[in-house]
There are 2 protein chains.
Amino acid sequence: MPTEAGRTRRPDADCPVEVALSAISGRWTTLVLRELMHGPSSFGDLAARLPEISPKVLTERLHGLRADGLVDRERLTGFPVRTRYALSPAGEALRPLLTELYRTGERLQRRR
Amino acid sequence: MPTEAGRTRRPDADCPVEVALSAISGRWTTLVLRELMHGPSSFGDLAARLPEISPKVLTERLHGLRADGLVDRERLTGFPVRTRYALSPAGEALRPLLTELYRTGERLQRRR
DNA sequence: CCGCATCCGATTGGATACTG
DNA sequence: CAGTATCCAATCGGATGCGG
């Protein structure tokens with residue numbers, strides 16, 4: 001981390017590192033984000049692109065991301081009901097982090 | 001992330017993103033890493049700098065990090081026994097990721 | 001189509017006491 | 001000092017069936 005001033009002696013939800021981690025934590029979360037990085041998507045489209053996720057978990061992830069202000073939801077009129085999930089500007093701010101996760105993972109794999 | 005070729009349809013332990021995430025996942029893990037980024041440390045020193053971590057969890061974290069090749073352990077001769085934990089080169093490779101986590105967390109906090 | 005409600009097994013982390 | 005051994009509570013994720 002940048003400086004060691006204000007050292008944390010335990011996990012603190014207000015620490016930026018914890019904030020970022022909690023935003024992307026949980027199984028499937030990064031994959032949901034990746035799909036949304038390709039563009040807005042409906043609930044069903046997300047489920048189709050992630051065939052092994054259960055509706056419960058997909059719902060949980062989308063709720064969490066919405067609660068964190070990373071994803072916006074829009075209900076489309078008509079029948080049957082359609083929904084549109086899209087990354088918010090805050091959600092877009094995660095892109096460099098996901099890229100760095102990928103880079104770091106590659107580096108770690110290469111070392112084996 | 002970079003490309004969408006070879007899209008993952010479920011969490012795959014071989015995906016670089018998952019590799020990086022699993023390396024830093026778990027409560028206390030990033031704090032243990034941060035302490036080691038300041039330099040090598042003994043078990044007791046780590047416990048003293050993280051007063052609220054239990055010995056069990058500290059042991060678990062250090063074992064995990066060692067299993068991933070991110071941390072090296074050295075036993076120092078003498079009595080009482082002393083140990084020296086230090087970041088390996090692979091562990092050093094995590095530094096940019098932790099920095100990016102911090103930056104991203106700050107950006108997210110600013111948006112509230 | 002878009003979820004929510006329920007149940008349940010597995011994993012996780014904390015507290016505590018004890019050993020080489 | 002540097003861990004290990006237990007036990008336990010809480011969280012998490014998967015499966016499934018129903019409702020708006």
Side-chain angles (χ1 to χ4, degrees), chain A residues 8-13 15 17-18 21-33 35-36 40-68 71-86, chain B residues 8-13 15 17-18 21-36 39-68 71-86:
Chain A
T8 318
R9 282 168 154 66
R10 56 178 180 133
D12 175 357
C15 168
V17 173
E18 299 292 332
L21 271 177
S22 95
I24 62 169
S25 74
R27 200 147 119 94
W28 294 101
T29 304
T30 56
L31 291 180
V32 171
L33 285 170
E35 294 307 325
L36 291 176
S41 181
S42 69
F43 187 94
D45 286 345
L46 287 171
R49 296 210 195 102
L50 303 170
E52 306 197 30
I53 195 175
S54 78
K56 177 205 166 194
V57 173
L58 180 52
T59 299
E60 283 176 358
R61 293 301 173 264
L62 291 171
H63 280 195
L65 293 170
R66 280 219 301 156
D68 289 347
V71 163
D72 295 325
R73 181 174 78 159
E74 187 186 353
R75 302 211 68 124
L76 308 180
T77 62
F79 187 83
V81 181
R82 284 208 148 256
T83 320
R84 192 182 112 119
Y85 290 95
Chain B
T8 318
R9 281 168 154 68
R10 56 178 180 133
D12 175 357
C15 168
V17 173
E18 300 292 333
L21 271 176
S22 95
I24 62 169
S25 74
R27 200 149 121 91
W28 296 100
T29 304
T30 57
L31 291 179
V32 170
L33 285 170
R34 186 193 59 183
E35 294 307 325
L36 292 177
S41 182
S42 69
F43 188 94
D45 286 345
L46 287 171
R49 297 211 193 101
L50 303 170
E52 306 197 30
I53 194 175
S54 78
K56 176 203 166 196
V57 174
L58 180 52
T59 299
E60 283 176 359
R61 292 302 172 262
L62 290 170
H63 279 192
L65 292 169
R66 281 219 299 155
D68 288 347
V71 164
D72 294 326
R73 182 173 78 157
E74 187 184 354
R75 302 210 68 123
L76 308 179
T77 63
F79 187 82
V81 180
R82 284 208 148 257
T83 320
R84 191 181 112 119
Y85 289 96

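- Rounded to whole angstrom, the span from the CZ atom of A:Arg84 across to the P atom of C:dC2 amounts to 14 Å.
- Contacts of B:Thr59 with the nucleic acid, taken as non-hydrogen atoms under 4.0 Å apart, include base atoms.
- Within the structure, every side-chain polar atom (N or O) of B:Ser54 is placed at least 4.0 Å from both OP1 and OP2 of C:dT16.
- Within the 4.5 Å cutoff, no side-chain heavy atoms of B:Val17 are placed close to those of A:Leu31.
- In terms of the side-chain hydrogen bond (donor to acceptor under 3.5 Å, both in side chains) criterion, B:Asp12 has no residue partners (sequence neighbours excluded).
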Review item, nucleotides 18-20 of chain C N/O atoms under 3.5 Å of protein N/O:
none

All N/O contacts under 3.5 Å from nucleotides 9-13 of chain C to the protein, with atom names and distances to one decimal?
unit_1	atom_1	unit_2	atom_2	d
C:dG13	OP1	B:Arg27	N	2.9
C:dG13	OP1	B:Arg61	NH2	3.0
C:dG13	OP2	B:Arg61	NH2	2.5
C:dG13	N7	B:Lys56	NZ	3.0

* Given the rule in the side-chain contact (heavy atoms from CB on, under 4.5 Å) test, do B:Arg10 and A:Leu50 qualify, once you have shown the distances and angles that lead to the verdict? -> CA-CA 6 Å; B:Arg10 56 178 180 133; A:Leu50 303 170; over 6 Å; no

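- Taking 4.5 Å as the limit, every side-chain heavy atom of B:Tyr85 sits out of range of all side-chain heavy atoms of B:Asp72.
- For the segment residues 45-53 of chain A, no residue has any heavy atom less than 4.0 angstrom from an atom of DNA chain C.
- Scored by the side-chain hydrogen bond (donor to acceptor under 3.5 Å, both in side chains) test, B:Arg73 finds no partners at all (sequence neighbours excluded).
- Rounded to 10 degrees, the angle separating the terminal axes of the helix from C:dC1-D:dG20 to C:dG20-D:dC1 is 50°, with each axis obtained from five end pairs.
- Of the two residues contacting DNA chain C, namely A:Pro11 and A:Phe43, the nearest-nucleotide position lying further toward the 5' end is that of A:Phe43.
- Taking the side chain as every heavy atom from C-beta outward, B:Phe43 and B:Asp45 never approach each other to under 4.5 Å.
- Among residues two or more places apart in sequence or in another chain, the salt bridge (charged side-chain N to carboxylate O under 4.0 Å, His left out) test is passed with B:Arg84 by B:Glu74.
- At a threshold of 4.5 Å between non-hydrogen side-chain atoms, the residues B:Thr30 and A:Glu18 count as touching.
- Within the 4.0 Å cut-off from OP1 or OP2 of C:dG3, at least one side-chain nitrogen or oxygen of A:Arg73 is found.
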Distance-only criterion, 3.5 Å: show the donor-acceptor pairs between side-chain atoms of residues 51-59 of chain B and protein atoms not counting sequence neighbours.
unit_1	atom_1	unit_2	atom_2	d
B:Ser54	OG	B:Val57	N	3.2
B:Thr59	OG1	B:Pro55	O	2.8

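- For the pair A:Thr83 and A:Leu76, the minimum side-chain heavy-atom distance is 4.5 Å or more.
- Take A:Thr29 and apply the side-chain hydrogen bond (donor to acceptor under 3.5 Å, both in side chains) test, not counting sequence neighbours, and it matches A:Arg61.
- The span of DNA chain D lying next to chain B, judged by atoms under 4.0 Å from heavy atoms, is bounded 5' to 3' by D:dC1 to D:dT6.
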* **Trace of the side-chain contact (heavy atoms from CB on, under 4.5 Å) decision for A:Val32 with A:Val71** => CA-CA 11 Å; A:Val32 171; A:Val71 163; over 6 Å; no

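- Looking at residues two or more places apart in sequence or on another chain, you find a salt bridge (charged side-chain N to carboxylate O under 4.0 Å, His left out) between B:Glu35 and A:Arg7, B:Arg49.
- Shown here are the side-chain hydrogen bond (donor to acceptor under 3.5 Å, both in side chains) partners of A:Ser22, two or more places apart in sequence or in another chain: there are none.
- Within the 4.5 Å cutoff, the side chain of A:Leu36 has heavy atoms near those of the A:Leu46 side chain.
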